[in-house]
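Note: hydrogens, waters and symmetry copies are ignored here, and every other heavy atom, side chains too, is used. Remember, it's a predicted structure, so these values are computed and weren't measured experimentally.
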Amino acid sequence: MSTPQVGWIGLGSMGLQMSKNLQRHLNKTNQQCLIYTNRTLSRGASLETLGAKPVETVAQVVQASDIVFSCVSDDKALRKIVDAALEFIAGKTFVDCSTVHPETSVTLAKRVSESQGRYVSAPVFGAATAAAKAELIFVTAGPKAAKEQIAPYLKGVMGRSIIDLGEQQEKANLMKISGNIVVVGFMELISEAHVFAEKTGLGCDVLESMIHEMFGAVPLSYSRRITTGAYAPPPGEKAGFDVALAIKDARHALNCASGVGVRLDVTEVALAHMELAQSLEGDGGQRPLDSSSIYGAIRTQSGLGFYTDAAGGGSS
């Protein structure tokens with residue numbers, strides 16, 4: 001029995017690393033090479049070097065594949081992809097790893113199902129560095145048979161674990177949003193603590209040591225995005241997680257919370273700081289900013305410069 005043909009759509013910071021790990025697995029197991037596309041096809045040069053096959057359009061990927069993964073920046077991009085896929089989706093499994101609003105998944109899952117395809121919502125927890133190391137956590141929801149079909153490509157290939165939330169696709173997106181509420185809360189609190197340590201003369205190094213000893217590796221990783229200057233990468237480089245995407249995710253969280261009568265005060269504060277950071281980004285908007293640029297916004301509000309020496313801007 002032949003193995004399924006797998007396709008991939010979307011080669012952003014996450015999608016590129018995930019698809020490269022998937023292609024390595026296909027090579028190792030002597031399966032058919034990955035077929036992929038991206039808005040900028042040259043972005044996949046390193047993936048093609050591993051043996052994957054580029055094609056020009058979403059329709060070509062879907063037409064040639066049995067399983068199609070997508071990982072794109074926002075709801076609008078995903079809707080456009082599904083529009084292009086529907087003609088060829090019958091009998092196939094579409095797996096979306098993007099962070100989108102739960103209502104988007106409900107709508108798109110219905111459209112795919114009506115076209116005789118199967119839709120799995122499979123957003124992931126973890127930054128691009130975790131994607132590169134195949135350490136992502138997948139959150140899956142959709143038809144049981146479809147999840148069983150894609151399972152061999154998730155744990156041990158692109159990720160380290162799977163959280164299965166049943167058949168209602170929107171549940172996976174709600175879980176992803178819940179996780180994002182925690183993540184943005186961590187980033188807000190750690191940023192505030194670092195600015196406090198600077199202003200009081202305590203110092204960031206000793207604070208970061210305490211964060212590591214007291215709270216462990218994950219909060220430490222957020223702290224290091226601040227102390228290494230990764231919150232504002234040099235012009236021409238990519239942020240680990242672009243602040244514009246983090247703003248989109250925070251707005252999704254606030255929208256969902258409002259719909260059920262819940263206030264997310266920390267998320268609201270963090271969103272305001274990310275929006276401020278975005279408005280303050282230097283070099284005419286050419287400087288990339290990470291979601292941790294919350295820290296730069298709080299520095300500015302506290303009478304410090306947006307950029308530290310580590311971020312290449314010189315502290316004030």
Side-chain angles (χ1 to χ4, degrees), residues 3-74 77-78 80-81 84-85 94-99 122-138 150 152-160 221 224-225 228-246 286-292:
T3 56
Q5 173 64 62
V6 184
W8 192 278
I9 301 165
L11 298 176
S13 297
M14 295 292 292
L16 181 59
Q17 299 299 340
M18 294 167 71
S19 59
K20 287 168 71 172
N21 283 331
L22 180 52
Q23 177 58 38
R24 292 186 185 103
H25 170 75
L26 297 175
N27 288 340
K28 184 177 179 181
T29 54
N30 297 313
Q31 297 187 50
Q32 301 174 80
C33 69
L34 190 68
I35 297 173
Y36 71 89
T37 197
N38 190 56
R39 184 174 58 184
T40 303
L41 204 54
S42 60
R43 172 83 175 152
S46 59
L47 180 58
E48 185 177 10
T49 298
L50 291 173
K53 178 184 176 182
V55 294
E56 293 289 337
T57 68
V58 167
Q60 286 175 292
V61 172
V62 179
Q63 192 171 20
S65 303
D66 302 301
I67 301 170
V68 178
F69 287 90
S70 67
C71 187
V72 294
S73 59
D74 57 30
L78 180 58
K80 186 175 180 181
I81 286 168
F94 187 93
V95 188
D96 181 58
C97 302
S98 317
T99 301
V124 297
F125 287 113
T129 51
K133 297 176 182 177
E135 293 178 350
L136 298 171
I137 300 170
F138 281 84
I150 68 171
Y153 305 105
L154 304 186
K155 186 176 179 180
V157 177
M158 294 188 286
R160 60 185 172 91
S221 71
R224 284 181 173 166
R225 285 157 72 180
T228 63
Y231 73 93
E237 292 190 12
K238 278 189 168 291
F241 186 66
D242 192 281
V243 70
L245 298 180
Q286 298 304 307
R287 186 78 182 251
L289 291 179
D290 185 73
S291 59
S292 54

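- Taking both residues in full, the closest heavy atoms of Val6 and Leu34 are given as O-CD1, 3.4 Å, listed atom of the first, atom of the second, then distance.
- For the pair Gln17 (side chain) and Thr129 (backbone), a donor-acceptor distance under 3.5 Å is absent.
- Between Pro152 and Val157 there is no side-chain heavy-atom pair separated by less than 4.5 Å.
- At least one donor-acceptor pair closer than 3.5 Å links the side chain of Thr37 to the backbone N or O of Glu56.
- Qualifying side chain to side chain contact (heavy atoms under 4.5 Å, CB included) partners for Ala232, counting only residues two or more places apart in sequence or in other chains: Arg287, Leu289, Tyr307, Ala311.
- The heavy-atom pair separating Ala230 from Asp290 by the smallest distance is O-CB, 3.5 Å.
- Here the straight-line distance linking atom SG of Cys33 with atom CD of Gln5 works out to 6.0 Å at 0.5 Å rounding.
- Listed by first then second residue, pairs satisfying ring pair (Phe, Tyr, Trp, His ring centres under 6.0 Å) with a partner in residues 44-71 read Trp8-Phe69, not counting sequence neighbours.
- Ile9 CD1 to Cys71 SG: the interatomic distance, rounded to the nearest 0.5 Å, is 11.5 Å.
- Under the ring-ring contact (aromatic ring centres under 6.0 Å, His included) criterion, Phe138 pairs with no residue at all, not counting sequence neighbours.
- Between Gly236 and Pro288 the shortest heavy-atom distance is N-CD, 4.4 Å.
- Gln32 places none of its side-chain heavy atoms less than 4.5 Å from the side chain of Leu26.
- Not counting sequence neighbours, Ala45 has no partner by the side chain to side chain contact (heavy atoms under 4.5 Å, CB included) test.
- Residues satisfying the side chain to side chain contact (heavy atoms under 4.5 Å, CB included) criterion with Ala244, sequence neighbours excluded, are Asp242, Gln278.
- Considering only heavy atoms from C-beta on, Met18 comes within 4.5 Å of Val124 through its side chain.
- Qualifying side chain to side chain donor-acceptor pair (under 3.5 Å) partners for Thr228, counting only residues two or more places apart in sequence or in other chains: none.
- Summarising the geometry of Pro54 relative to Ala52, their closest heavy-atom pair is CD-O, 3.6 Å, with the distance given to 0.1 Å.
- Remark: Asn27 pairs with Gln23 by the side chain to side chain donor-acceptor pair (under 3.5 Å) rule, at least two apart or across chains.
- Separating the CD1 atom in Ile137 from the CG atom in Leu154 is a distance of 13.0 Å, to the nearest 0.5 Å.
- For residues 21-66, no pair satisfies ring pair (Phe, Tyr, Trp, His ring centres under 6.0 Å), with sequence neighbours left out.
- With a 4.5 Å cut-off on side-chain heavy atoms, Val72 and Lys80 do not count as touching.
- Counting all heavy atoms, side chain and backbone alike, Ala128 lies closest to Gly240 at CB-O, 4.4 Å.
- Contact between Pro4 and Ile67 at its shortest, heavy atoms only, is CB-CD1, 4.0 Å.
- Sequence neighbours left out, the pairs with a member in residues 60-72 that pass side chain to side chain donor-acceptor pair (under 3.5 Å) are Thr57-Gln60, Ser70-Asp96.
- Taking CE from Met14 and CG from Leu16, the interatomic distance works out to 11.0 Å, rounded to the nearest 0.5 Å.
- When atom types are taken as modelled, the side chain of Asn21 and the backbone of Ala131 share a donor-acceptor pair closer than 3.5 angstrom.
- Partners of Lys238 according to the side chain to side chain contact (heavy atoms under 4.5 Å, CB included) rule, which considers only residues two or more places apart in sequence or in another chain, are Ser13, Arg43.
- Applying the side chain to side chain donor-acceptor pair (under 3.5 Å) test to Gln31 and every residue at least two apart in sequence or in another chain returns Thr29, Tyr153.
- Remark: Ser19 OG to Leu50 CG distance equals 8.5 Å, nearest 0.5 Å.
- The side chain to side chain donor-acceptor pair (under 3.5 Å) test applied to Ser291 returns Arg225, not counting sequence neighbours.
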